[in-house]
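One is the number of the first residue; the rest follow in order along the sequence. Note that the structure is a prediction, hence the values are computed from the model and not measured.
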Amino acid sequence: MNYKDINKRIILIKNERSEFLNKFDIKFDFVYDSLISAVKNNRINSIRVHKYLTSNNKLGKVKTARFLETIDLNENTKIYQLNEDKIIEIAKFSSNK
């Protein structure tokens, strides 16, 4: 792989991550489906859950951090660390706002 190919790949990954964050919606089904698929996607599963939930200001940062602590997660938890039970709790939290 040459420099141009690596650079193109980096740009594609950055765009995918940005699009993932910008498309966030607080609906239960959206959050559940997007997190389930993100857990398996190596290009986006290293995004922090807190950043995913708060980056577009649809959910408050402090309330989200407090919520994550109630389900034994924290602001540094990555998407790949989630299991289905945690994803359901996160989807419930986001849809109640």
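Minimum heavy-atom separation, Thr54 to Gly60: CG2-O, 3.8 Å. Residues Ala91 and Val31 approach most closely at CA-CG1, 3.7 Å, considering heavy atoms.
Counting only residues at least two apart or on different chains, the side chain to side chain donor-acceptor pair (under 3.5 Å) pairs with a member in residues 23-32 are Glu19-Lys23, Tyr32-Glu84. Among residues at least two apart or in separate chains, ring-ring contact (aromatic ring centres under 6.0 Å, His included) pairs with a member in residues 33-65 are Phe20-Tyr52, Phe24-Tyr52.
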(request) Evaluate side chain to side chain contact (heavy atoms under 4.5 Å, CB included) for Ile90 paired with Leu35, printing each intermediate quantity in order. (result) CA-CA 9 Å; Ile90 291 167; Leu35 286 175; 3.9 Å; yes
(request) Would you check, one step at a time, whether the test side chain to side chain contact (heavy atoms under 4.5 Å, CB included) holds for Asn56 with Leu21? (result) CA-CA 7 Å; Asn56 63 8; Leu21 291 173; over 6 Å; no
(request) Show the numbers, then the answer: is there a side chain to side chain contact (heavy atoms under 4.5 Å, CB included) between Ser95 and Ile26? (result) CA-CA 5 Å; Ser95 66; Ile26 61 173; 5.9 Å; no
(request) Let me see the working for Arg9 and Ile13 under side chain to side chain contact (heavy atoms under 4.5 Å, CB included), right down to the final yes or no. (result) CA-CA 6 Å; Arg9 187 174 174 128; Ile13 292 170; 4.1 Å; yes
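Remark: Lys14 engages Ile10 in a side-chain contact (heavy atoms from CB on, under 4.5 Å) (not counting sequence neighbours). With sequence neighbours excluded, the residues forming a side-chain contact (heavy atoms from CB on, under 4.5 Å) with Asn83 are Asp85, Lys86, listed by chain and number. Remark: Ser37 engages no residue in a side chain to side chain donor-acceptor pair (under 3.5 Å) (not counting sequence neighbours). Shown here are the salt bridge (charged side-chain N to carboxylate O under 4.0 Å, His left out) partners of Arg43, two or more places apart in sequence or in another chain: Glu16. For the side-chain contact (heavy atoms from CB on, under 4.5 Å) test, residues two or more places apart in sequence or in another chain that qualify with Gln81 are Thr77, Lys78. In terms of the side-chain contact (heavy atoms from CB on, under 4.5 Å) criterion, residue partners of Asp5 (sequence neighbours excluded) are, by chain and number, Met1, Asn2.
Atom CZ of Phe93 is separated from atom CG of Leu59 by 5.5 Å, given to the nearest 0.5 angstrom. The CD1 atom of Ile6 lies 12.0 Å from the CD1 atom of Ile11; values are rounded to the nearest 0.5 Å. Expressed to the nearest 0.5 Å, how far CD1 of Ile44 lies from OG of Ser18 amounts to 11.5 Å. Atom CD1 of Ile79 and atom CD1 of Ile36 lie 11.5 Å apart (nearest 0.5 Å). Rounded to the nearest 0.5 Å, atoms CZ (Phe28) and CD1 (Ile88) are 6.0 Å apart. One finds the CG atom of Leu73 at 6.5 Å from the CG atom of Leu82 (value rounded to the nearest 0.5 Å).
Formation of a donor-acceptor pair under 3.5 Å by the Thr70 side chain with backbone atoms of Phe67 is found in this model. One N or O on the side chain of Asn45 and one on the backbone of Val39 form a donor-acceptor pair closer than 3.5 Å. Formation of a donor-acceptor pair under 3.5 Å by the Asn7 side chain with backbone atoms of Tyr3 is not found in this model.
Counting heavy atoms from C-beta on, the side chains of Lys92 and Glu89 come closer than 4.5 Å.
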